[in-house]
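For the single chain, residues carry numbers from 1 onward in sequence order. Values in this document were obtained by computation on a predicted structure and should not be read as measured data. Note that these values count all heavy atoms, side chains included, but never hydrogens, waters or copies made by symmetry.
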Amino acid sequence: MTARLLKGALVVAAYSLLAACASFGGGRDGGLKPPVVTDPAPIVSGTMRPYQIRGRWYRPAEQPNYDEVGMASWYGAQHNGRPTSTGERFDMNALTAAHKTLPLPSLVEVTNRANGRRVILRINDRGPFVDGRIIDLSRAAAEELGLLSQGVGEVRVRYVGRAPRQGGGTPMRRAEVAAPVQPISQPTPYLDVPLAPVQATVVVAAPAAVPPAAAYWVQAGAYADQASAQRIADRLGRKAWVQNMPGGGQGFRVVVGPWPDASAAEQARQAVAARGFGDALLISGG
């Protein structure tokens, strides 16, 4: 009788151990499930058009089978509060990310291959435009994945689907795998990682004031009424301005800048085009 009871207790313990392993990421779908989106946000107009950055073309598309391994970087305070490609304000404390070609907005599952941590992120911006990197994380996302200290790390990115109208970022249950200790004592956002030059998807700030006659500007668009022009300027950030159309023309235009040379201005024009303003023009003299 005692032996039979002992055998039964061992069977129960074995099943309990298996259940515990499954709940801590023992399988592909271990832990929490991705959120179910019943009212997806519409894809932001203009963000699915092909665009060019540094001479390379990118072609956004719905990619239901997207599953890629590559390097991730993160960005934080230097971009906090600036508009993203969806028009949302970047919040470094939200679970968001930037991707070059997935729909905006959408959801992805990101896994840190070094420690098994997973998180669902809202894609609301374009980038990173650096060879070898497939996704830019917010500071909160990098912290959740354990990438805050080293600045970059290898991840797996899988497309989940369309994003809800707000939010959607979700921490997933973490696998219990110890990550190697990093010698870096302070968090290192991607702009400080000395791997390759980085160009953010937002418009870069002018390095110094330049005389208007010698300056180059980017014209994002022309609009019939000032209110519409101002809304676009607000989306493009503090370097965007609303001006009357030159030469006595009717309407208003949104210009971004200035930059001291045509090369810098062209990079900015490409960044503005990537934000959905495919007709952006390079102009001189403001």
Side-chain angles (χ1 to χ4, degrees), residues 47-48 50-79 82 84-85 90 92 95-104 106-160 169 175 177 179-184 186-204 263-264 266-268 270-271 273-275:
T47 61
M48 299 299 283
Y51 64 96
Q52 188 181 40
I53 297 290
R54 295 179 180 174
R56 178 178 298 179
W57 282 96
Y58 299 92
R59 291 173 170 80
E62 188 91 36
Q63 302 169 66
N65 297 319
Y66 180 87
D67 187 339
E68 186 176 4
V69 173
M71 300 301 290
S73 48
W74 68 271
Y75 57 126
Q78 67 271 38
H79 297 293
R82 296 188 182 184
T84 65
S85 296
F90 172 62
M92 68 179 184
L95 293 176
T96 62
H99 192 276
K100 293 185 279 285
T101 58
L102 289 176
L104 297 179
S106 61
L107 297 180
V108 295
E109 179 190 280
V110 181
T111 304
N112 183 343
R113 287 168 61 85
N115 59 20
R117 294 185 182 184
R118 294 188 300 153
V119 65
I120 299 295
L121 301 179
R122 179 185 184 90
I123 300 293
N124 65 357
D125 207 357
R126 289 291 181 222
F129 300 109
V130 177
D131 289 341
R133 299 187 192 175
I134 62 173
I135 194 167
D136 263 344
L137 310 170
S138 67
R139 190 186 195 282
E143 184 172 20
E144 184 67 27
L145 290 167
L147 291 173
L148 205 59
S149 295
Q150 60 263 45
V152 294
E154 188 178 53
V155 299
R156 180 180 185 181
V157 180
R158 291 188 288 185
Y159 183 64
V160 173
V177 179
V181 176
Q182 298 296 325
I184 303 173
Q186 295 297 325
T188 308
Y190 78 107
L191 285 180
D192 296 331
V193 177
L195 297 180
V198 175
Q199 177 178 339
T201 57
V202 295
V203 177
V204 296
S263 177
E266 173 59 19
Q267 289 187 12
Q270 292 177 5
R275 298 280 298 279

* Asked: Within a strict 4.5 Å, meaning less than it, do heavy atoms of the I120 and V108 side chains meet?
  -> no

* Evaluate the criterion side chain to side chain contact (heavy atoms under 4.5 Å, CB included) for residue pair F129 and D136; output intermediate values, then yes/no. => CA-CA 9 Å; F129 300 109; D136 263 344; over 6 Å; no

* Return yes if some donor-acceptor pair links the side-chain N/O of Q63 with the main-chain N/O of A61 below 3.5 Å, else return no. => yes

* Asked: Y159 and H99: side-chain donor and acceptor closer than 3.5 Å?
  -> no

* To do: Would you indicate whether the side-chain heavy atoms of L147 and L137 approach each other to under 4.5 Å?
  => yes

* Under the side chain to side chain contact (heavy atoms under 4.5 Å, CB included) rule, what do V110 and L145 come out as? Steps first, then yes or no, please. => CA-CA 8 Å; V110 181; L145 290 167; 3.7 Å; yes

* Structure fact -> Shortest non-hydrogen pair, L148 vs W74, comes out as O-NE1, 3.3 Å

* To do: Determine, stepwise, if the pair S138 / F90 fulfils side chain to side chain contact (heavy atoms under 4.5 Å, CB included).
  => CA-CA 8 Å; S138 67; F90 172 62; 4.0 Å; yes

* Presence of salt bridge, D131 and R56, under 4.0 angstrom -> yes

* Is it true that a side-chain atom of K100 and a backbone atom of P128 form a donor plus acceptor pair closer than 3.5 Å? -> yes

* To do: Could you tell me which non-hydrogen atom of E144 sits nearest to which non-hydrogen atom of R117, and how far apart they are?
  => O-CD, 3.2 Å

* What's the shortest heavy-atom distance between G76 and R139, and which atoms? -> CA-CB, 4.5 Å

* Structure fact -> Test side chain to side chain donor-acceptor pair (under 3.5 Å), reference R156, set D67, T111, N112, output is D67

* To do: Kindly indicate whether the side chain of R133, heavy atoms from C-beta on, has any atom under 4.5 Å from the side chain of V152.
  => yes

* Flag the pair T96 / I123 as yes when at least one side-chain heavy-atom distance between them is below 4.5 Å, and no otherwise. => no

* If only atom types and distance count, is the side chain of D125 paired as donor or acceptor with the main-chain N or O of S85 below 3.5 Å? -> yes

* To do: Identify the two heavy atoms, one from Y51 and one from P60, that lie closest to each other, and give their separation to 0.1 Å.
  => CE2-CG, 3.9 Å

* Asked: Quick one: are M71 and V155 in side-chain contact, heavy atoms under 4.5 Å?
  -> no

* Salt-bridge test for E109 and R118: reply yes if a basic N is under 4.0 Å from a carboxylate O, no otherwise. => yes

* To do: For the pair R122 and L95, evaluate side chain to side chain contact (heavy atoms under 4.5 Å, CB included) and give the outcome as yes or no after the intermediate values.
  => CA-CA 7 Å; R122 179 185 184 90; L95 293 176; over 6 Å; no

